[in-house]
Undergrad: 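Next up is a structure, given as structure tokens.
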Amino acid sequence: WEILSEGLPTNALIGSIQTLQGRVVAEVILGMETRLYALNSSTWTEIASNLQQPLSLAASATSLFHTKPAQGIMRSTRSTIAWQPSLNGFPANSGIASIVATGRNLCLATNIGTVYVSDDAGNQWRESTNGTSRNNPINILAQTPSELLAGTATGRILRSSDSGASWRTLASFPTIRGKIEMIFARGSVLLIGAGNNGVYVSSDDGATWKQTITGSDTIVGATAIGTTLFVAISNKGILRSVNNGATWQEYNLGLSPVQGSFGIVSLQAASGELWIGVEHPNLNFAATMRCAADNGTWEQTQDASINAIATSITRQDTLAIALNSQGNIVRLNDGEWQRIGSLPDVQTLAIANESLYAGTSRGLRVASLSQTTTHVASDKKSTLFHDTVAPNPCAKGSTFTANLLLPKSGNLRLFLTDARGVSVEIFSTMTLRSGEYQAHCSLPYSLAQGSYWLRAEMDGLPFWRAKVVIAE
């Protein structure tokens, strides 16, 4: 036996020890506070603090679990994205109802209707009070190429041309009763959904309005593929318009209502296809379904409903990220959903600045997408894979790119070991198809300078490694 105490507080009581994907995690008790430490080589590094007693610690193959008083079971995963709170200037434990992001400018609406804006990718927040009122709470946000739109719980529409710093009422919108549930913009065409009031359409950027859908129930959302518009409504299913919303046709082949509801909880377009989440709790049915935009036939893709979804274009492909009913964050890659992380209680998502922003009932969380393993298009193979790891050497706290050729489809594990073969950092654990990939790996500041091995395993079997030199 040898004593491993470097990095641990003096006179600390060790409550329990678990292993998580090759890393040793210890529960450290200091008076009334409990912390978690992970063993890196022979040094302990704090990974969580301010955990109250009593604490029970357990690990599965991919997750670490602990109990927290009044909050049940908490989980931490070593997946490809790590969530961090974004709270500077934003009240803690405030629920997020809606997020919009354009470049480094972010705007969000809380569950109590207040609006906060950030012009530095979420590092600092300030409340937007110019033109807003807590008596007229904002519950949904949307963006056009030139401005932001907001819908209130009292049926009003607000506009902002300065990234949410100030707002003005859209006086041309009809006076209605009830909250605004959906806002969608494509060019000069605006769609506003207001529950039982139906859907209103403007083809002149909000100057005039016409009610083109009536008798609706909950309006889930809207999207577009090319010039074709789509709307999801709980009691009508999917409706399609090819004339900028003037008329609509059902688009429900393969969908069935249950007790008057199609059970649609989300709608999004990605890679020329429509994606919806469908859930019928009384039938214990939850599924993700997709439909090619040109045939109108829906098919089930997996047994998990999507509650929120966001899309963004990356360098090589279309990236769609969704939250399913188990709290998993998944990515659409080559027509298949792949899990890349986990975050419970997400109400809305947005992508900007190579980051994923998630609004939860307890505030905003942000995760970098730079560590997501990305499939490389076949026409780029000849020039992309000359260097295995670059840059190399690399600095602590920096990001390097590893180019991988996966020999077969399966579960990839990409990790870093020291010279003795002890794992010190896990960059990726996900299921991928065979082919060529780029992995963007962020190095922690806690690693000592020296030589390390970047290793890749497929279904638990090693198939590749490369030396990585870390400098100061």
Side-chain angles (χ1 to χ4, degrees), residues 19-25 38-41 45 47 61-64 76-84 314-316 319 321 328-331 333 338-343 354-356 366-376 384-385 387-407 410-433 435-471:
T19 58
L20 176 64
Q21 293 185 346
R23 301 184 75 184
V24 178
V25 178
L39 183 62
N40 294 312
S41 185
T45 301
I47 60 174
T62 59
S63 301
L64 182 69
S76 172
T77 62
R78 290 293 302 171
S79 57
T80 57
I81 55 177
W83 294 96
Q84 300 293 332
T314 63
R315 288 187 297 271
Q316 284 87 18
L319 178 67
I321 294 183
N328 293 328
I329 306 296
V330 295
R331 183 178 76 149
N333 187 25
Q338 299 170 340
R339 181 186 179 277
I340 62 171
S342 179
L343 185 68
E354 295 189 0
S355 296
L356 176 63
V366 59
S368 172
L369 292 175
S370 62
Q371 292 185 4
T372 301
T373 304
T374 305
H375 192 269
V376 177
L384 191 60
F385 286 83
D387 297 323
T388 304
V389 175
N392 196 11
C394 46
K396 293 187 293 185
S398 66
T399 299
F400 66 86
T401 298
N403 300 315
L404 303 174
L405 177 61
L406 303 189
N411 297 315
L412 170 70
R413 182 172 182 261
L414 184 65
F415 59 104
L416 195 70
T417 69
D418 60 18
R420 298 178 300 169
V422 178
S423 176
V424 296
E425 186 69 18
I426 299 174
F427 297 118
S428 179
T429 54
M430 63 171 61
T431 301
L432 296 173
R433 292 180 176 180
E436 294 177 339
Y437 290 81
Q438 279 189 316
H440 305 283
C441 307
S442 297
L443 293 168
Y445 287 96
S446 58
L447 291 179
Q449 68 180 99
S451 296
Y452 294 80
W453 286 103
L454 179 65
R455 301 175 185 268
E457 295 179 350
M458 184 62 68
D459 294 331
L461 300 177
F463 70 91
W464 175 86
R465 71 173 185 173
K467 181 174 285 188
V468 177
V469 178
I470 298 178

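Counting begins at 1 with the first residue of the sequence. Remember, it's a predicted structure, so these values are computed and weren't measured experimentally. Only heavy atoms go into these numbers, but all of them, side chains included; no hydrogens, no water, no symmetry mates.
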Undergrad: Look up atom CZ in Arg413 and atom CZ in Arg455, then write down how far apart they are to the nearest 0.5 Å.
TA: 10.5 Å

Undergrad: Minimum heavy-atom separation for Leu443 and Phe427, please, with both atom names.
TA: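 Taking Leu443 first and Phe427 second, the nearest heavy atoms are CD2-CZ, 4.0 Å.
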
Undergrad: Do you know the tightest heavy-atom contact between Ser423 and Ile426?
TA: OG-CG1, 4.1 Å

Undergrad: What are the two closest non-hydrogen atoms of Leu414 and Cys441, and how far apart are they?
TA: CD2-SG, 3.9 Å

Undergrad: Please round to the nearest 0.5 Å and tell me the distance separating atom CZ of Phe400 and atom NE2 of His440.
TA: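 Atom-to-atom, Phe400:CZ and His440:NE2 are 11.5 Å apart.
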
Undergrad: Between Asn392 (side chain) and Lys467 (backbone), is there a donor-acceptor pair under 3.5 Å?
TA: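 Between the backbone of Lys467 and the side chain of Asn392 there is a qualifying donor-acceptor contact (under 3.5 Å).
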
Undergrad: Which heavy atom of Lys396 sits nearest to which heavy atom of Pro444, and what is that distance?
TA: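 Heavy-atom minimum between the residues: CB-O, 4.2 Å.
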
Undergrad: Applying the side-chain contact (heavy atoms from CB on, under 4.5 Å) test to Tyr452, which of Leu447, Val469, Thr417 qualifies?
TA: Leu447

Undergrad: Nearest 0.5 Å, what's the CZ-CG distance between Arg465 and Leu454?
TA: 11.5 Å

Undergrad: In Å and rounded to the nearest 0.5 Å, what is the OG to CD1 distance from Ser451 to Ile470?
TA: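 Between atom OG of Ser451 and atom CD1 of Ile470 there are 9.0 Å.
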
